[in-house]
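The analysis underlying the following values was restricted to heavy atoms, covering all of them including side chains, and did not include hydrogens, waters or symmetry mates. Lettering follows sequence order; numbering is per chain, from 1.
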Amino acid sequence: MAAVRTSSEVAFNRAAIVAVLVVTIIFLAPIYWIASTAFKPRNLATTIPPTIVFQPEISPFVKLFTKRSQLRSPPTPEEYAAAPWWERVVFDGGEKIVRDGKGAVQWSGYPNRFMNSLIVAITSTVLAVGMGTFTAYGFSRFRVKGEADLLFFILSTRMLPPVVVAIPMFLMYRAVGLNDSHLGLIILYTAFNLSFSVWLMKGFIDEIPKEYEEAALVDGYTRMEAFFKIVLPEAATGIAATAVFCFITAWNEYAFALIMTNRRAQTAPPFIPSQVGSGLPDWTVIAAGTFLFLLPVAIFTFLLRNHLLRGMSFGAIRK
Amino acid sequence: MTQIELRGVQKFFGAVQVIKDLNLAINDNEFIVLLGQSGCGKTTTLRAIAGLETIDQGDILIDGKPVQHLKAADRDIAMVFQSFSLYPHMNVYENIAFPLRATRKSRSEIDTEVRSVAKTLQITDLLGKKPSALSGGDMQRVAIGRALVRRPKAMLMDEPIGALDAKLREEMRAEIKRLHIKQGSTSIYVTHDQIEAMSLADRIVIMHEGVLQQVGTPDEVYSHPANLFVAQFVGSPVMNVAEAKVAEKASAASVTVGDATAGFEFPQALLSKLNGHAGGQLTLGIRPEGVLVRREATDGFLPVEAQIIEPLGSFDIVDLKVGSKMLRARTKSGFISGPGEKVYARIDPSQAHFFDAASGKSLGVRL
């Protein structure tokens with residue numbers, strides 16, 4: 001039987017749908033802007049009003065991943081014709097391709113920076129979530145002296161903006177040789193995320209009835225085995241949620257990456273704006289770099305969406 | 001062959017002593033029920049035997065060996081929890097197989113044993129299901145299966161059917177009893193439900209505020225309660241308890257309840273059996289079925305007034321006013337037509353219990 005609705009309910013529902021659509025458009029507009037600019041020819045990137053319909057091309061990505069060397073004279077038509085397609089893109093036609101190894105088309109700094117971002121974000125996320133889960137388990141299951149004070153102390157590390165300590169950290173890092181290193185950033189991001197991860201995981205582990213582990217203990221397992229076989233699978237939802245948040249924090253971190261790194265361990269966030277450089281910036285290349293930078297977080301979140309959405313209660317414990 | 005013995009067990013939670021000098025010997029294949037109100041220490045005792053709780057003093061012996069320093073995993077004991085605690089991420093098969101996987105048994109051995117336990121419990125068709133898809137009764141069967149599959153030295157059960165509804169509870173109670181008779185293992189069962197305790201136990205252990213009150217067969221505990229607590233805790237409807245005075249009257253004993261003017265007639269032997277307590281503070285305990293009711297005046301019966309009648313189907317419970325005191329009597333259903341009716345009552349001396357009012361201890365009078 002169809003539900004009976006009054007006309008005011010119908011009107012309210014329609015208004016709600018319109019409101020949701022408007023909000024969605026507002027949220028998605030910047031992403032669309034970045035994504036579309038990443039596929040635009042350079043001359044269409046800054047038109048007013050913005051170009052909505054255009055022939056997409058991948059030249060911004062080619063430029064993003066390559067850099068061109070100093071050139072002395074334009075290439076001859078034969079050289080230009082013999083060049084592969086990506087070199088022709090980079091040289092925008094008309095400039096000479098130098099093939100002596102010093103001035104040819106090379107990889108730009110972007111792939112390395114991107115890889116650095118992945119290394120630093122993934123490692124620090126694994127460390128922060130791993131240590132956080134163990135710590136939270138300890139706080140959740142054992143009587144710890146001064147538990148409340150310790151937990152407050154752990155949280156208090158988040159009570160000032162991290163940038164406040166940037167300069168002293170930089171001096172300390174330089175003294176011990178950790179600046180511009182993967183290890184340095186990994187330690188830093190792990191430390192930022194750890195308190196958050198401990199608190200979040202404690203909430204999730206508190207929710208897991210301790211009878212599960214007790215059952216496993218009586219069934220002949222050690223506490224460690226019970227932790228890995230029972231608690232971890234039960235906490236998967238919480239671990240996934242915590243990992244997403246830690247990963248996003250580490251992936252997007254800008255200020256420390258800018259101060260602590262310059263070449264070897266530099267991550268993508270400080271690198272992308274540095275490409276604006278002097279003269280006319282090529283916004284399509286910056287948009288391409290930003291667009292690619294958005295993808296890992298989007299993919300990571302998408303892969304874990306079931307865990308993020310799934311409720312904690314499974315209905316196997318009767319309270 | 002598994003005997004379990006507790007010797008002088010004490011347990012504190014902070015400043016609160018939850019088990020006070022507990023001594024108990026449990027025989028092989030015995031079904032012991034720990035009975036008491038919530039907070040009486042029965043669950044703590046069970047968890048201490050399982051190894052989930054440490055004890056502060058005393059010994060826990062399994063087959064004569066002290067185990068209080070052994071981890072739960074090394075005691076070879078299985079436990080069924082009130083919440084069932086089925087691992088939600090494993091299906092029924094995996095849940096039952098889980099204790100066996102800790103023992104390095106081969107895959108085929110595990111499979112054989114899981115299927116044999118599932119067959120015993122009639123849950124073979126559930127093996128592929130997740131716990132969340134099971135009904136309460138099935139969850140409990142799986143939890144019992146998980147406990148049985150390892151053939152442990154002893155089975156501990158912590159209110160295993162407390163979370164089920166009344167009808168299912170009755171079914172499962174019978175099933176647990178059947179299973180115990182069939183499999184025969186030393187079992188300790190915790191409950192606050194005296195009907196469960198009476199129907200299941202070989203011996204009942206009644207606890208109150210951490211102190212063991214009485215150990216005995218259901219019949220002993222019911223017929224000869226050691227003290228007022230046991231007398232009132234076991235049995236439904238609850239035993240009548242009233243202050244009583246005993247006097248000698250024309251070669252018989254007369255027991256006066258509360259401030260009533262006339263006393264109930266008892267054999268003279270009562271006086272000698274009370275052993276000098278007759279003049280002191282006494283409490284009379286009589287179960288409703290020990291209060292005999294007649295509709296016409298009968299020799300030895302006192303006139304009383306019926307106040308409230310609770311029809312319970314097969315019988316009625318009638319509140320009779322004796323002086324200012326109420327005595328609840330059990331009568332045939334419809335025996336008394338309505339409140340206010342004058343009837344005649346007496347106390348069956350063979351069912352009467354006498355307690356020392358100060359200590360609450362039974363005086364052990366049997367007439």
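For the set B:Ala102, B:Gly51, B:Ala50, B:Ala72, the count of heavy-atom pairs under 4.5 angstrom toward chain A peaks at B:Ala102.
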Open item on the list: Test side-chain contact (heavy atoms from CB on, under 4.5 Å) on B:Leu200 and B:His180; report intermediate values, then the result.
Closed with: CA-CA 9 Å; B:Leu200 286 172; B:His180 175 72; over 6 Å; no
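Both the backbone and the side chain of A:Ala216 come within less than 4.5 Å of a heavy atom of chain B. The contact between B:Phe81 and chain A is made entirely by side chain atoms (from C-beta outward), counting heavy-atom distances below 4.5 Å. For a residue to count as touching a neighbouring chain, one of its non-hydrogen atoms must lie under 4.5 Å from one of that chain's; by this rule B:Arg101 touches chain A with backbone and side chain alike.
With B:Tyr87 as the aromatic partner, B:Arg146 meets the cation-pi criteria of under 6.0 angstrom to the ring centre and within 45 degrees of the ring axis.
Looking at B:Asp76 and B:Arg150, a side-chain N of the basic residue comes within less than 4.0 Å of a carboxylate O on the acidic one, giving a salt bridge.
Side chain of A:Glu253 to main chain of A:Ala257: a donor-acceptor pair is present (N/O by atom type, distance under 3.5 Å, no hydrogens or angles).
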